[in-house]
Each structure stands twice: as C-alpha cells, then as structure tokens.
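Order of listing sets the numbers, starting from 1, for every ligand and every atom in it. Bear in mind the structure is a predicted one, so any value in this text is a computation, not a measurement.
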Amino acid sequence: MAQKSIDLHTHTHCSDGSYSPRDLVRLAHEKSVNAIAVTDHDTMAGVEEALAAGEEFEVEVIPGVEISSFHDRGVLHILGYYIDARDESLQGFLQECINARNRRNPMIVQRLEELGYPLNMDEVVSLAGGEVINRPHFAQAMLNRGYVQTRQEAFDRFLGQGAPAYFAKEVFSPEEIVSFIHASGGLAVLAHPNLLNMNRLSETGAEIRRLHEQAGFDGIEAYHGDCILEYAQYYDALARELGLFTTGGSDFHGDGKHQSLGQTRCLDAIPYEFLDTMKQSLSRRQAIPNP
Ligand SMILES: [Zn+2]
Ligand SMILES: [Zn+2]
C-alpha cells in the first residue's frame with residue numbers, strides 16, 4: 001500500500017486560486033492525496049464546501065486560513081489550522097485584516113501624489129505579483145520611476161515611520177495573528193520562510209527565531225512549494241530545535257501555477273506523518289485551558 005500523503009497549503013477561488021473548494025477536494029482524491037488543508041488568504045469562505053466534498057470523495061479536509069502580516073524585508077504569512085470557520089469573532093477578525101490593507105494603500109498613493117511623486121496603483125499591484133501589497137512594493141515603484149536612487153531612500157524620505165507618506169500599521173502583527181488563532185482553538189504555522197527574503201539561510205534562521213520569540217508559533221512550513229531540499233531540511237531542523245512541528249504544502253493555486261497539488265519541489269508526496277505530529281500538538285494545546 002502506498003504511503004498516505006497530504007497537502008497542508010492550498011487555495012481555492014474563494015481567494016486567488018482557480019478551483020472551487022469541491023473541485024480542489026476532487027482533485028486531491030484523483031491524485032490520491034489523503035488529506036488537504038484549505039488555506040485561502042484571509043477567508044474561510046471555502047471551508048464548509050470543502051468539508052462536505054471531503055465526505056463525498058473520502059478526503060480528510062482540515063479547515064485552515066492564511067493570514068498576512070507585515071514584514072519589512074519580505075512576505076510574512078501565518079497559516080491557521082483547525083479553526084472553527086463559523087466562529088463570529090473570527091469572521092470579524094478576518095474582515096478587519098482585509099479592510100486594514102485595502103484602506104492603507106490608496107492613502108499612500110494619494111499622499112505621494114500630493115508630495116509630487118505620482119504612482120499608479122496598478123504599478124504597485126503588478127510589483128506585488130498577486131501577493132499582499134507592502135511598503136517594499138511602493139519603494140520599488142518609486143525606484144522604477146526614478147524618484148529615489150534606492151529602496152532604502154524611499155523608506156527614509158517617504159515610507160518609513162515618521163516620514164510623510166507613512167501610515168500606521170496596515171495589518172495585524174504576527175503576535176496578534178497567532179494569539180487570535182490560538183483563541184479560536186487553532187494552531188499557528190509560519191508559512192514559507194523563504195519568502196521572508198533574507199540574504200542568507202542563516203539570516204532567515206535568525207529571523208525565524210526572532211519572529212517565534214515574538215509570536216509563539218506552533219509549527220513551521222519547512223516544505224513549501226518551490227523550496228529546495230537544503231533549505232527545507234534546514235527549516236525542519238530549526239523547527240525541531242525550537243520544539244515546533246514541521247508541515248508541508250504545495251501552495252497550490254490551480255493548474256499551471258506554481259506546484260502541483262500534493263507536491264513540493266523536493267517532495268513527490270508530502271508524508272502524512274506531518275499531520276500526525278500536528279494533531280498531537282493540537283491535542284496538547286486543547287488540554288491547556290484557555291485563560
Ligand atoms: Zn503565502
Ligand atoms: Zn498560500
């Protein structure tokens with residue numbers, strides 16, 4: 001019998017994926033992936049349909065979400081698992097995540113225009129390449145226009161704290177996101193550490209430690225989409241050292257985009273053992289009464 005396999009990071013058309021939740025689960029069934037987590041950006045709207053499809057196609061479906069935080073260097077996403085999708089305070093929190101960043105970006109564009117440095121929102125959106133728009137994208141757009149010589153200059157003169165086009169915190173901090181996930185009974189996992197965009201692996205390691213100290217993750221997504229084996233093993237070892245579990249997911253968005261469902265660049269199948277370890281962590285967490 002083949003080893004059981006999983007995929008703990010997938011998107012549906014409820015965020016920026018192309019499959020419906022049901023079609024995603026059916027694809028998992030066709031590819032003999034035994035368990036998948038649906039982790040749309042800032043929404044759990046697809047979870048209910050996916051859970052129903054999971055019963056239909058005999059695929060274990062884990063309710064999940066991927067929440068964007070901010071990071072000055074790269075992309076910081078936190079995955080939440082085993083959260084109750086119908087929880088009302090959760091709905092409110094996720095809506096606030098979406099509102100907060102939708103509000104801020106036009107404000108930056110408007111202020112820069114007033115200062116005599118017009119940018120198109122479209123330029124910034126395309127620099128973000130489908131990711132959540134962050135200040136580094138504005139800095140890059142300013143550099144492309146020749147308004148500044150370096151991205152750092154854009155931060156110093158315009159975008160950094162205290163500068164004229166600075167607007168306070170766009171989205172929630174990692175610790176706010178993690179504590180919300182915990183309060184909703186879920187587990188919090190640092191997604192794709194590669195995208196923190198540090199210069200070297202050792203710097204990423206130091207950054208993971210710093211973020212974990214601050215936020216208190218339960219796990220690290222060591223095996224992600226196109227992460228190479230050397231890096232994935234490094235993150236895996238670091239997770240162990242920090243007493244965290246390791247997860248793996250393709251970050252599947254649909255056919256022809258990134259990785260295939262159930263696979264990463266260095267794993268043809270993601271072992272079910274990762275999910276076993278996650279479940280052990282969940283039952284330990286549930287044994288602790290919530291303050
Ligand atoms: Zn992500
Ligand atoms: Zn994702």
Side-chain angles (χ1 to χ4, degrees), residues 6-21 24-25 27-28 33 35-47 50 61-83 85 94 97-98 100-101 125 127-134 136-137 170-174 177-178 180-181 186-198 204 207-208 211 215 217-227 231-232 235 246-265 267 270 274 278:
I6 58 171
D7 191 333
L8 297 180
H9 192 156
T10 69
H11 294 273
T12 76
H13 68 194
C14 295
S15 63
D16 53 349
S18 53
Y19 278 64
S20 70
L24 178 75
V25 174
L27 181 67
V33 177
I36 64 166
V38 175
T39 54
D40 280 311
H41 294 285
D42 298 332
T43 179
M44 294 187 76
V47 165
V61 172
I62 293 108
V65 67
E66 180 170 27
I67 304 176
S68 307
S69 189
F70 54 85
H71 194 259
D72 272 342
R73 285 295 297 268
V75 169
L76 173 52
H77 290 168
I78 297 167
L79 294 157
Y81 295 103
Y82 291 108
I83 303 169
L94 295 178
C97 292
I98 293 169
R101 54 187 160 78
V125 169
L127 287 168
E131 280 294 347
V132 174
I133 297 160
N134 273 311
H137 304 126
E170 57 268 43
V171 285
F172 291 97
S173 66
I177 294 170
V178 170
F180 197 87
I181 291 170
L187 295 169
V189 172
L190 174 66
H192 43 58
N194 270 358
L195 300 191
L196 292 171
N197 199 25
M198 310 305 284
T204 314
E207 186 62 3
I208 293 170
L211 288 167
F217 301 116
D218 302 289
I220 297 175
E221 186 184 49
Y223 294 87
H224 168 261
D226 33 58
C227 186
Y231 283 41
Y235 300 139
T246 287
T247 71
S250 62
D251 213 347
F252 181 75
H253 281 74
D255 294 332
K257 295 182 196 164
H258 310 295
Q259 296 294 325
S260 304
L261 186 68
Q263 296 182 330
T264 75
R265 181 157 159 186
L267 292 177
I270 305 166
F274 288 156
M278 188 199 264

I'd like to check the side-chain hydrogen bond (donor to acceptor under 3.5 Å, both in side chains) partners of His11; sequence neighbours left out, ordered by chain and number.
His9, Ser15, Glu66, Asp251
Run the side-chain contact (heavy atoms from CB on, under 4.5 Å) test on Ile270 and Tyr223 for me, step by step, so that the C-alpha distance in whole Å, both residues' side-chain angles and the decisive distance to 0.1 Å come before the verdict.
CA-CA 8 Å; Ile270 305 166; Tyr223 294 87; 5.6 Å; no
4.5 Å side-chain heavy-atom contact, Thr10 and Tyr19
no
Partners meeting side chain to side chain contact (heavy atoms under 4.5 Å, CB included) with Ala222 (sequence neighbours left out)
Tyr235, Asp236, Thr246
Mind checking what makes salt bridge (charged side-chain N to carboxylate O under 4.0 Å, His left out) contact with Asp218, not counting sequence neighbours?
Arg285
When you look at Glu221 and His77, which way does the side-chain hydrogen bond (donor to acceptor under 3.5 Å, both in side chains) test go after all the steps?
CA-CA 10 Å; Glu221 186 184 49; His77 290 168; over 6 Å; no
For the Zn ion (ligand 2), how many protein N, O or S atoms lie at less than 2.8 Å?
4
